[in-house]
2 protein chains.
Amino acid sequence: MAKKPYHHGSLRPALLAGAMELLEQKGAPSLSLREAARMAGVSQTAPYRHFAGKEALLAALAARGFEELTRALDEVAATGNAAETLHATGRAYVDFALARPQLFRLMFGPEIRDKSVFPETLEAAQGAYSRLTAAVEAYLASRRIHVKTPRVPAVTAWSLVHGLASLLIDNQITDMEEDGKNRLIDAVTGFFVTGG
Amino acid sequence: MAKKPYHHGSLRPALLAGAMELLEQKGAPSLSLREAARMAGVSQTAPYRHFAGKEALLAALAARGFEELTRALDEVAATGNAAETLHATGRAYVDFALARPQLFRLMFGPEIRDKSVFPETLEAAQGAYSRLTAAVEAYLASRRIHVKTPRVPAVTAWSLVHGLASLLIDNQITDMEEDGKNRLIDAVTGFFVTGG
DNA sequence: GTTATAATGTAGGCGTCGTCAACAAACAGG
DNA sequence: CCTGTTTGTTGACGACGCCTACATTATAAC
């Protein structure tokens, strides 16, 4: 029986892993530093050696989330023509939110008050945003549409998929069987490329 | 000096008023029943005579929010042609979110786990949704577009404005002066009627 | 190797919160 | 007036974030 040593050895990753599990089970507000510490088998104040406070731990989780989202967007980035890629990007964004709703809420919600306080989180978020922008730009170029900056179309496309994802995970869209919901997601995420 | 009587007299509205103020200042998670009770000048457990718990109080606030949103949408419902009305409806939705971000977050966020537990809130939410649907339906009719149900276009329009509102109040869209932001909002909310 | 120093973990406590049980005051209908 | 119900109060429980003071271990300079 390995009795536990005074020092954990890799507490920071252990805390992040436990906290990520708690996050996905119960959401950020119900996640407690104390419970994450319990899962790692350390005292309730040990986490403060690795994170400035609860918000800093959440910010680290959010950064991981943005990295995973970025990866998911990259995976569909080279499929078919620009219109298809844009559609697939939107679909991947919504799929990510549906697969990990609590993480998604944390990434975009108010629990992390100012991302600029957490450079790692900010950078990871910008990485994900750049994938969206790239897909929109490529689409515009393929349609020979020229704009000074792609900001307005990028925000439009982002709003569309972000709004759909938010409404879905917050249970605002009800009374649909699974199949109809899938078609709905395809229709909405495709709206930007198919036009009105 | 009127010393306070044992019975407050109208505690329920007083609690709602105080809680609404706290909500808009600090957000739902930081709002405490105890502080609302303090503002009303009663003991910390008095609110339990009028609300089953914190969530029930929040649900009542959310219901008020949906009623105000409904009113705001009704105010722009009869302006100009159907396309203009739809655009104005979207703009009013975003304006509401910007004017009362914490209330907006509460209305659509996860603090109220299941609206069906709070019929007043559910009904108020459906009232607001019906205004959105009506505007979309009128627009489709004006363009002689026939659909079996307006669900897909309604959800599309809703996603667009809801996503934009969410991104704005969660500070995801930065580095813009006020003027540019206003044009951005006009462009995004108009996207549904102007087409891609 | 010994020893100073930094890193990492613990113990205990403060003030806050949501909620519950038990009790007290005021109102309302007979 | 008397009685039952409504509406308040008091006091407590467990959980939380976070703080200070202290203990243990790793690190590295000599």
Side-chain angles (χ1 to χ4, degrees), chain A residues 2-23 25-62 102 106 109-114 117-118, chain B residues 2-23 25-62 102 106 109-114 117-118:
Chain A
K3 10 181 156 110
K4 60 183 186 177
Y6 191 89
H7 283 104
H8 182 285
S10 56
L11 182 51
R12 199 190 143 99
L15 284 171
L16 283 172
M20 184 63 90
E21 196 178 319
L22 290 174
L23 172 68
Q25 280 171 16
K26 318 190 303 177
S30 304
L31 183 166
S32 80
L33 281 185
R34 291 163 108 108
E35 191 169 1
R38 257 175 258 135
M39 290 177 77
V42 295
S43 76
Q44 57 196 22
T45 51
Y48 287 90
R49 298 294 164 192
H50 300 274
F51 300 97
K54 180 174 179 179
E55 194 179 1
L57 204 182
L58 293 177
L61 293 180
Q102 303 284 10
L106 171 63
E111 279 88 6
I112 299 164
R113 292 196 203 181
D114 181 3
V117 177
F118 308 100
Chain B
K3 15 194 150 89
K4 58 183 192 178
Y6 190 90
H7 284 102
H8 182 286
S10 57
L11 182 53
R12 199 190 143 98
L15 285 170
L16 284 172
M20 185 63 90
E21 196 177 319
L22 291 173
L23 172 67
Q25 280 172 18
K26 318 190 301 175
S30 304
L31 182 166
S32 80
L33 280 185
R34 291 165 108 109
E35 191 170 0
R38 258 174 257 136
M39 290 177 77
V42 295
S43 76
Q44 57 195 21
T45 51
Y48 287 89
R49 297 294 164 193
H50 299 274
F51 301 96
K54 181 175 178 179
E55 194 179 0
L57 204 183
L58 292 177
L61 293 180
Q102 302 285 12
L106 171 63
E111 279 88 6
I112 300 163
R113 292 194 203 185
D114 182 2
V117 177
F118 308 100

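Please read all numbers here as calculations on a predicted model, not as lab measurements. Chain A is the first sequence line, chain B the second, and so forth, proteins listed ahead of strands; every chain is numbered from 1. The figures here come from the full heavy-atom set of this structure, side chains too, leaving out hydrogens, waters and symmetry mates.
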If you only use heavy atoms from C-beta on, which nucleotide in [options] is closest to the side chain of [X]?
{"X": "Thr45(B)", "options": "dC20(C), dT10(C), dC18(D)", "result": "dC20(C)"}
{"X": "Gln44(B)", "options": "dT10(C), dG11(D), dC17(C)", "result": "dG11(D)"}
{"X": "Lys54(A)", "options": "dC18(D), dG9(C), dT19(C)", "result": "dC18(D)"}
{"X": "Leu33(A)", "options": "dT7(D), dC16(D), dC18(D)", "result": "dC18(D)"}
{"X": "Glu35(B)", "options": "dC18(D), dT7(D), dC17(C)", "result": "dC17(C)"}
{"X": "Ser43(A)", "options": "dT10(C), dT9(D), dT19(C)", "result": "dT10(C)"}

What is the distance, to the nearest angstrom, from the [atom1] atom on [X] to the [atom2] atom on [N]?
{"X": "Tyr48(A)", "N": "dA11(C)", "atom1": "OH", "atom2": "P", "answer": "17 Å"}
{"X": "Leu22(A)", "N": "dA15(D)", "atom1": "CG", "atom2": "P", "answer": "15 Å"}
{"X": "Arg34(A)", "N": "dG9(C)", "atom1": "CZ", "atom2": "P", "answer": "18 Å"}
{"X": "Phe51(A)", "N": "dA7(C)", "atom1": "CZ", "atom2": "C1'", "answer": "16 Å"}
{"X": "Glu55(B)", "N": "dG18(C)", "atom1": "CD", "atom2": "C1'", "answer": "12 Å"}
{"X": "Arg49(B)", "N": "dA21(C)", "atom1": "CZ", "atom2": "C1'", "answer": "10 Å"}
{"X": "Leu11(B)", "N": "dC27(C)", "atom1": "CG", "atom2": "C1'", "answer": "16 Å"}

Quick check: closest heavy atoms across [X] and [Y], and the distance to 0.1 Å?
{"X": "Ala60(B)", "Y": "Leu16(B)", "value": "CB-CD2, 3.8 Å"}
{"X": "Leu57(A)", "Y": "Ala19(A)", "value": "CD2-CB, 3.6 Å"}
{"X": "Glu35(B)", "Y": "Lys26(B)", "value": "OE1-NZ, 2.8 Å"}
{"X": "Ala28(A)", "Y": "Leu58(A)", "value": "CB-CD2, 4.2 Å"}

**Message:** Would you compute the distance between atom CG of Leu22(B) and atom CG of Leu15(B) and round it to the nearest 0.5 angstrom?
**Reply:**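 It comes to 10.5 Å.
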Look at [X] and [N] and indicate whether a side-chain polar atom (N or O) is within less than 4.0 Å of OP1 or OP2.
{"X": "Arg12(B)", "N": "dG8(D)", "answer": "no"}
{"X": "His50(B)", "N": "dG8(D)", "answer": "yes"}
{"X": "Arg38(B)", "N": "dC17(C)", "answer": "yes"}

**Asked** Leu31(B) near the nucleic acid: base, sugar-phosphate alone, or nothing, with a heavy-atom cut-off under 4.0 Å?
**Response**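 Counting heavy atoms under 4.0 Å across all strands, the contact made by Leu31(B) is with sugar-phosphate only.
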